[in-house]
Asks: 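First the structure, which I've put down as structure tokens, then a few questions once you've had a look.
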Amino acid sequence: QTKNQRPIITRSKKQKTMLIGSTASTTGSLAYLAGSHLWGDYTMNALVDWLNADSFALLVRYKDSENYISCSFSSYGYSVQMIEYKNGISRILGELSNPPSFVYEPWRDVNLGVWVSGNTIECIATDKSVLRRSLDTVPLAGGIGIKSWSKNLDYQLMRIKSITVKPLVL
């Protein structure tokens, strides 16, 4: 590792957190949980501290870097978007600007989540549903991941304090 390089994902044993971010020559990073590709219906929650990152996404029904659904949370636009990526082409399924749950301390130590059951996906912020869509194009199984990015080339970091995934019992 040279002076100009930084790890994209690191884990702090002392703080019991994970940092995710970009290097000086990239705009983002993506982490996928290997072995989760057969998962069906579940909820995923992350407790996040934005630090200097612009955006963060929880990925569901992840097949590969070109095929998944994301609940994307943006600090610079104070918005939440649900985006479908299919064969590398993105399609916004829904968007909410200025969600009411971020009024006091926007994007700091906030609980973000996603709920997926069958063909229905729901983006969750501070334990409240903010976007919900049902789609015929949603795969019935797929992995999970997290993604962070910035609109500029530069170092950016986000602290993930916890991630919890639970199967839905219907």
Side-chain angles (χ1 to χ4, degrees), residues 7-12 16-22 26-50 53-75 77 79-97 99-102 107 109-149 158-170:
I8 292 175
I9 299 173
T10 61
R11 183 177 178 275
S12 167
K16 297 182 181 178
T17 62
M18 178 174 64
L19 296 174
I20 182 170
S22 65
T26 64
T27 57
S29 58
L30 185 148
Y32 161 73
L33 180 61
S36 64
H37 64 281
L38 296 177
W39 292 8
D41 300 337
Y42 49 85
T43 62
M44 177 171 52
N45 291 290
L47 182 61
V48 176
D49 183 352
W50 286 82
D54 288 335
S55 300
F56 174 74
L58 295 170
L59 315 180
V60 296
R61 302 290 168 85
Y62 185 92
K63 179 181 174 187
D64 56 39
S65 63
E66 295 190 343
N67 295 282
Y68 59 90
I69 307 265
S70 74
C71 285
S72 300
F73 304 88
S74 167
S75 65
S79 67
V80 179
Q81 291 182 325
M82 185 182 296
I83 305 171
E84 177 183 38
Y85 294 85
K86 196 167 196 172
N87 299 320
I89 299 169
S90 63
R91 178 172 69 120
I92 296 174
L93 304 174
E95 181 172 10
L96 176 65
S97 295
S101 50
F102 304 118
W107 311 107
D109 292 341
V110 66
N111 188 21
L112 305 173
V114 62
W115 177 92
V116 58
S117 179
N119 67 347
T120 302
I121 311 246
E122 195 169 320
C123 299
I124 299 166
T126 59
D127 300 320
K128 295 178 181 79
S129 174
V130 292
L131 283 175
R132 181 183 174 110
R133 296 290 183 269
S134 294
L135 302 162
D136 293 334
T137 58
V138 174
L140 295 180
I144 63 166
I146 54 176
K147 182 178 175 180
S148 73
W149 70 100
M158 171 169 274
R159 180 178 294 122
I160 312 297
K161 294 186 173 181
S162 68
I163 293 180
T164 307
V165 181
K166 295 180 183 176
L168 292 178
V169 180
L170 302 176

Asks: Give me the atom names and distance for the closest heavy-atom approach of Ser90 to Ile83.
Replies: CB-CG2, 3.8 Å

Asks: How about Glu84 and Thr137: does a side-chain donor come under 3.5 Å of a side-chain acceptor?
Replies: yes

Asks: Can you give me the closest heavy-atom contact between Leu59 and Ser70, atom names plus distance?
Replies: CD2-CB, 3.5 Å

Asks: In Å and rounded to the nearest 0.5 Å, what is the CH2 to CD1 distance from Trp115 to Ile124?
Replies: 8.5 Å

Asks: Would Tyr42 and Ile144 count as a side chain to side chain contact (heavy atoms under 4.5 Å, CB included) here? Give the steps.
Replies: CA-CA 10 Å; Tyr42 49 85; Ile144 63 166; 3.4 Å; yes

Asks: Could you tell me whether Lys166 and Asp41 have a side-chain N and a carboxylate O separated by less than 4.0 Å?
Replies: no

Asks: Do Ile163 and Asn45 make a side-chain contact, defined as non-hydrogen atoms from C-beta onward lying under 4.5 Å apart?
Replies: no

Asks: Check the pair Ile160 / Phe56 against side chain to side chain contact (heavy atoms under 4.5 Å, CB included), numbers first and verdict last.
Replies: CA-CA 10 Å; Ile160 312 297; Phe56 174 74; 3.5 Å; yes

Asks: Is the closest side-chain heavy-atom distance between Val114 and Ile121 below 4.5 Å?
Replies: yes

Asks: Of Val60, Leu131, Leu96, Ile69, which is the lone residue that meets side-chain contact (heavy atoms from CB on, under 4.5 Å) with Cys123?
Replies: Leu131

Asks: Is it the case that the side chains of Gln81 and Ser72 hold a donor-acceptor pair, with the cut-off being a distance below 3.5 Å and no angle test?
Replies: no

Asks: Evaluate side chain to side chain contact (heavy atoms under 4.5 Å, CB included) for Tyr85 paired with Arg91, printing each intermediate quantity in order.
Replies: CA-CA 6 Å; Tyr85 294 85; Arg91 178 172 69 120; over 6 Å; no

Asks: For Arg133 and Leu93, indicate whether the former's side chain and the latter's backbone hold a donor-acceptor pair under 3.5 Å.
Replies: yes

Asks: When you measure from the side chain of Arg61 to the backbone N and O of Gly40, does any donor-acceptor pair fall under 3.5 Å?
Replies: yes

Asks: Rounded to the nearest 0.5 Å, how far apart are NZ of Lys161 and CG of Asn111?
Replies: 12.0 Å

Asks: With distance as the sole criterion, is a donor-acceptor pair present between the side chains of Thr120 and Ser134 under 3.5 Å?
Replies: yes

Asks: Within this structure, what is the CG-SG distance for the pair Leu112 and Cys71, rounded to the nearest 0.5 Å?
Replies: 9.5 Å

Asks: For the pair Asn119 (side chain) and Val138 (backbone), establish whether a donor and an acceptor sit closer than 3.5 Å, ignoring hydrogens and angles.
Replies: no

Asks: Both conditions, 6.0 Å and 45 degrees, for the charged tip of Lys147 above the ring of Phe73: are they met here?
Replies: no

Asks: Between Tyr62 and Asn67, is there a side-chain heavy-atom distance shorter than 4.5 Å?
Replies: no

Asks: Report yes if the side chains of Met44 and Leu58 come closer than 4.5 Å at any heavy-atom pair, otherwise no.
Replies: yes

Asks: With side chains defined as the heavy atoms from C-beta onward, is the minimum distance between Tyr32 and Asp64 less than 4.5 Å?
Replies: no

